[in-house]
Amino acid sequence: MMGAWYRTALAALAAVWLSGCEDESVITGDFILKNLHRSTESPAFVKASFRLVTNDEAQSPVPRLTAMNFRFLDDNEPVSTDESQPRVTNPRTAFTFKTLILFDVSGSVTARKDRFFQMVDSGRVLALRVAEQSDVAIAVFDGRDDIEIVHAFGNNAGITESFAQLGIGIGQDASTNLHGALTHALGRLDEERSRFRSMIASADDENLFGGALIAFTDGTHRAGVGGDIPSRDEVLTQVRDSDHAVFMIGVEGESDPSFIQEAGKDGFALASSTDGALLLGPAFDEIFTSFDAISNSYYQVVYCSPRRAGRSLFRLEINDETGRQGSLEFEYTAGDFSGGCLREIDVRYPEGG
């Protein structure tokens, strides 16, 4: 099946394929389809899942497209709405999304009670907003060689209580191991993805996972390099190679702006200060806007195929309000398909976008 798909896609689209150890992407027209997964499922579902970004240097997320932005074709004929019910499913139904929010509690933060409580209060607001779209965990770091989880994934209802428990004494090492903290935080997200994959019933669904890291720091890395502590270049390589989204928030004048910008590959902001008071609100709003765009750029398209025998060519045409266009094609076999798909589609794949 894969060989046939390659021949069809290359001939029809002249697409350029990118492969990685965790996902695969296809460049098509003005878009890149990342974390691409194509599948069929009984009784007669044909599905494609992906994260949509622009085909340019920025690779900006393309969020909140609706069914009006997609056109379904089967063997080059438009899919019948009555027979097939083509739709774009709600990302909250189709994907598991997890976000780790990481806070600096090193000496430079906890020594200033006013700044610390500003960070805690603003962080709580940000976490609650993120929790509307994602499962959230909260962790802290200082100079130690690992992060400390203060709120685990799985209970967004307890976020406010977890922040209320954050006190001045939570930091145990006055130094700042920013490099190590980012490495360990990305490792925790990798563990969550592995746990998700081990729990799902079918390996075909393994790409339906999205992860994000939002890190806040008011200082530069101070813990040195060596042993388990990576260098600047090593941690930046880890960030670039990770398929998790990474956002960074730094305090202007104390953090390392160039590192904040490079590490925040999906969004970064520098919070300014006035008369000793941090202006965190605008920075957190900026990060949330970027997070919101990414978390809403995941799509699963699905329809009930009317085919009951032979091989068919599925084609998905995509356009957005700016005029950008792209398409995806792959072959599927309908020999095992049967009726009943229409009765299940509303329950299993609700519309949304």
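The only member of F163, F116, F141 that meets ring pair (Phe, Tyr, Trp, His ring centres under 6.0 Å) when paired with F103 is F163.
Salt bridge status for R144 with D146: absent, with no side-chain N to carboxylate O gap under 4.0 Å. Residues R87 and D346 are paired through a salt bridge, judged by an N-O separation under 4.0 Å between the basic side chain and the carboxylate.
Formation of a donor-acceptor pair under 3.5 Å by the D142 side chain with backbone atoms of V105 is not found in this model.
Geometrically, R129 engages F288 in a cation-pi contact defined by less than 6.0 Å to the ring centre and at most 45° from the axis.
With a 4.5 Å cut-off on side-chain heavy atoms, C304 and F45 count as touching.
Counted by atom type alone, E321 and N69 present one or more donor-acceptor pairs between their side chains at under 3.5 Å. Judged purely by distance below 3.5 Å, without hydrogens or angles, the side chains of H244 and D190 pair a donor atom with an acceptor atom.
The 12-atom threshold is exceeded at CZ of R308, counting heavy atoms of other residues, nucleotides or ligands nearer than 6.0 Å. Other residues, nucleotides and ligands place no more than 12 heavy atoms under 6.0 Å from the CG atom of D228. Around CG of D336, the count of heavy atoms belonging to other residues, nucleotides or ligands within 6.0 Å does not exceed 12.
To the nearest 0.5 angstrom, R232 atom CZ is 5.5 Å from E262 atom CD.
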Exercise for review: Show the numbers, then the answer: is there a side chain to side chain donor-acceptor pair (under 3.5 Å) between R324 and T322?
Suggested key: CA-CA 6 Å; R324 289 181 294 225; T322 70; 3.3 Å; yes

